[in-house]
Structure formats: structure tokens, C-alpha cells
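This report concerns only the one structure given below.
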Amino acid sequence: MSQFFQIHPETPQSRLIKQAVEIINKGGVIVYPTDSAYALGCHLGDKSALEKIKRIRKLDDKHNFTLVCRDLSDIGTYAKVDNVAYRLLKAHTPGAYTFILNATTEVPRRLLHPKRRTIGLRIPQNTIALDLMAALGEPIMSTSLIMPGDDQPLMDPYEIRDLLQHEVDLVIDGGYCGMEATSVINLVEDVPVVVREGAGDISDF
């Protein structure tokens, strides 16, 4: 049976943030809010938690996972960023974007695209998510909470709890946070490529 925390979206309770981080560090899978939709998350080094997320969403090895980061310094640790990419990242973060970049050796191999050694990274404009990562001290391995057969992410924390209470370790109710996935921008080559248009404005790309 999963735990259920109601965390204030603007002034998150530090006690609950700390408890959520303890669950992550013990190998738990959590549902938490971002600036585009609710997401599934776990410790980036935890293989069994990652496998649990794959089972929940029925994902194969070709799925691109995302590291949700607190700031640009995190991105620099886990991805290779040139000056052009850095300027784009600085102009569009935090925000509802996922950026695909070449990964550094800090990223566990199981999180990478099997052929391209790329990783998705994002910095959400969501106080709960940012506080979680600040307390954790590193990014959260993440994927949008889109159930098999659905086109849109789940958006109601109570519905999520009812559906996944035996599958995840914690559901964080952070209020309404939207139901549109991020815009995905590939920054691997010299010219940015819009892979998916979502919640983030793509007019600059």
C-alpha cells in the first residue's frame, strides 16, 4: 500500500519532502508533480526501481528515460553541453521542455538509449519537484505517468492513488499541474530539432 502525501504546491512542507526523499533513497518509486504533468520517479542508480517503472508503464529497452534536474549545474554533470546548447538551456529552463543530449559517463548505462548514448534532461518549473531534488542532492530518474493504452498523463492524485496504490511507494498530491507532456528538443546535432511539440513553446526552435 503506497503512502499519500498532500504537499503544498507553493510552500512545500520540508518534513514531507524529507520523508519523500527517504523513500526514494530506500529504492521506492514515487509519483510526483512537475510543471507539465505527474511523473513516475526513482533514484537514478536503482535498477529494481527502474524495472518496476518499466512494468507499470509496459516500457521496452528503447524507451528514453529522463533525468529531472534542479539546475544547469546538474545538466552539466550528466550531459555534454556546448556553448550553443548551453545558451538554449539557459533561456528555456526551468520550463516544460525535455532536452536530448549526449550523455557523460556519470549516467548509468541502463538509462541511455541503447544505440545513441543519449539522455533526456529537464528542469521543471515546479516547486515540489525542485525541493525534492534539492533535498536528494541529485536528479530524479523520471518518466511521464502515462498508462499503457493512454495518450495523456494521469492528472488526478486520488485516481492515481486508487490505480497504483499497490504498485508505487508514494503518491504526492501537489494539486493540478497540467496534463500535457513536455516539448522534446534534440540538441545532439548543431541544429536543434523539435522531436515533440508539447507544453513548452517551440517558436524559438
Side-chain angles (χ1 to χ4, degrees), residues 2 5 7 12 17 20-21 23-25 27-72 74-75 77-79 89 93-101 103 106-113 118-148 150 152-155 157 160 164 167-172 174 177-185 195-196 198-200:
S2 64
F5 293 172
I7 298 183
I17 292 291
V21 166
I23 290 170
I24 294 170
N25 279 328
V29 171
I30 72 166
V31 174
Y32 71 102
T34 74
D35 51 354
S36 61
Y38 277 89
L40 288 161
C42 69
H43 192 280
L44 66 88
D46 197 301
K47 185 178 180 181
S48 62
L50 179 69
E51 291 302 320
K52 185 185 286 188
I53 289 176
K54 284 183 176 179
R55 287 196 301 272
I56 291 170
R57 286 206 46 195
K58 292 185 166 56
L59 300 172
D60 60 25
D61 290 336
K62 295 182 178 64
H63 181 77
N64 269 319
F65 286 96
T66 298
L67 293 183
V68 177
C69 303
R70 182 176 53 155
D71 54 31
L72 287 172
D74 273 350
I75 286 182
T77 300
Y78 296 96
L89 290 166
T93 57
Y97 299 91
T98 299
F99 295 98
I100 298 173
L101 292 152
E106 294 292 323
V107 180
R109 183 180 293 272
R110 61 183 167 272
L111 300 185
L112 299 176
H113 188 283
T118 55
I119 188 71
L121 295 117
R122 67 175 302 234
I123 302 172
Q125 195 166 17
N126 180 281
T127 305
I128 294 172
L130 294 174
D131 280 11
L132 281 172
M133 286 174 289
L136 187 63
E138 61 188 12
I140 297 174
M141 201 298 301
S142 255
T143 187
S144 298
L145 183 47
I146 303 172
M147 296 302 290
D150 290 349
Q152 298 288 340
L154 295 174
M155 55 184 286
I160 293 168
L164 296 177
E167 307 288 336
V168 302
D169 300 280
L170 169 65
V171 175
I172 293 175
C177 62
M179 58 175 292
E180 189 175 10
T182 57
S183 293
V184 178
I185 315 295
V195 178
R196 178 182 71 199

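A donor-acceptor distance shorter than 3.5 angstrom exists from the side chain of Arg57 to the backbone of Ser144, with no hydrogens or angles considered. A distance-only check finds no donor-acceptor pair linking the side chain of Asp150 to the backbone of Gln152 [under 3.5 Å]. Looking at Arg122, its side chain never comes within 3.5 Å of a backbone N or O of Pro94 through a donor-acceptor pair.
Looking at Leu89 and Ile75, their side chains come closer than 4.5 Å, going by heavy atoms from C-beta outward. The side-chain heavy atoms of Leu132 and Ile17, taken from C-beta on, include a pair separated by under 4.5 Å. With a 4.5 Å cut-off on side-chain heavy atoms, Val68 and Pro139 do not count as touching. Inter-residue side-chain proximity for Tyr38 and Val31 is flagged as met; some heavy-atom pair is nearer than 4.5 Å. Counting only heavy atoms from C-beta outward, the side chains of Val171 and Leu164 never approach each other to under 4.5 Å. Annotation: side chain of Ile24 is not in contact with side chain of Leu170 (no heavy-atom distance under 4.5 Å).
Within the model, atoms CD of Glu51 and CD1 of Ile56 stand 11.5 Å from one another, a figure rounded to the nearest 0.5 Å. Distance check, rounded to the nearest 0.5 Å: OG of Ser2 to CD1 of Ile30 gives 11.5 Å. Rounded to the nearest 0.5 angstrom, Ile128 CD1 and Asp35 CG are separated by 12.0 Å. Here Ile7 contributes atom CD1 and Ile172 contributes atom CD1; the two are 4.0 Å apart, rounded to the nearest 0.5 Å. Taken from CD in Glu106 to CG in Leu67, the straight-line distance is 11.0 Å, to the nearest 0.5 Å. Atom-to-atom distance recorded for Leu145:CG and Leu154:CG is 4.5 Å, nearest 0.5 angstrom.
Residues Leu44 and Pro108 approach most closely at O-CG, 3.5 Å, considering heavy atoms. The shortest non-hydrogen separation linking Gly41 to Ile140 is CA-CG2, 3.7 Å. Contact detail for Ala49 and Gly28: the closest heavy-atom pair is CB-O, 4.4 Å. A pairwise comparison of heavy atoms in Ala129 and Pro33 identifies CB-O, 3.6 Å as the closest pair. Closest heavy-atom contact between Ala37 and Met179: CB-CA, 4.4 Å. Between Ala39 and Thr34, the shortest heavy-atom contact is CB-CG2, 4.0 Å.
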>> For a side chain to side chain contact (heavy atoms under 4.5 Å, CB included) check, start with the C-alpha distance between Ile119 and Leu111, then their side-chain angles and the critical distance, and finish with the verdict.
In response: CA-CA 7 Å; Ile119 188 71; Leu111 300 185; 4.2 Å; yes
> Could you go step by step and tell me if Thr182 and Thr66 meet the side chain to side chain contact (heavy atoms under 4.5 Å, CB included) rule?
Replying inline: CA-CA 11 Å; Thr182 57; Thr66 298; over 6 Å; no
>> Walk me through whether Met141 and Ile53 qualify under side chain to side chain contact (heavy atoms under 4.5 Å, CB included).
In response: CA-CA 10 Å; Met141 201 298 301; Ile53 289 176; 3.8 Å; yes
> Hey, mind stepping through Glu138 and Thr77 against side chain to side chain contact (heavy atoms under 4.5 Å, CB included) and telling me if it holds?
Replying inline: CA-CA 10 Å; Glu138 61 188 12; Thr77 300; over 6 Å; no
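With sequence neighbours excluded, the residues forming a salt bridge (Lys or Arg N to Asp or Glu O under 4.0 Å) with Asp169 are Lys52, listed by chain and number. For Phe99, the ring pair (Phe, Tyr, Trp, His ring centres under 6.0 Å) partners are Tyr97, not counting sequence neighbours.
Screening residues 39-65 for ring-ring contact (aromatic ring centres under 6.0 Å, His included) gives His63-Phe65 as the qualifying pairs, with residues at least two apart or on separate chains.
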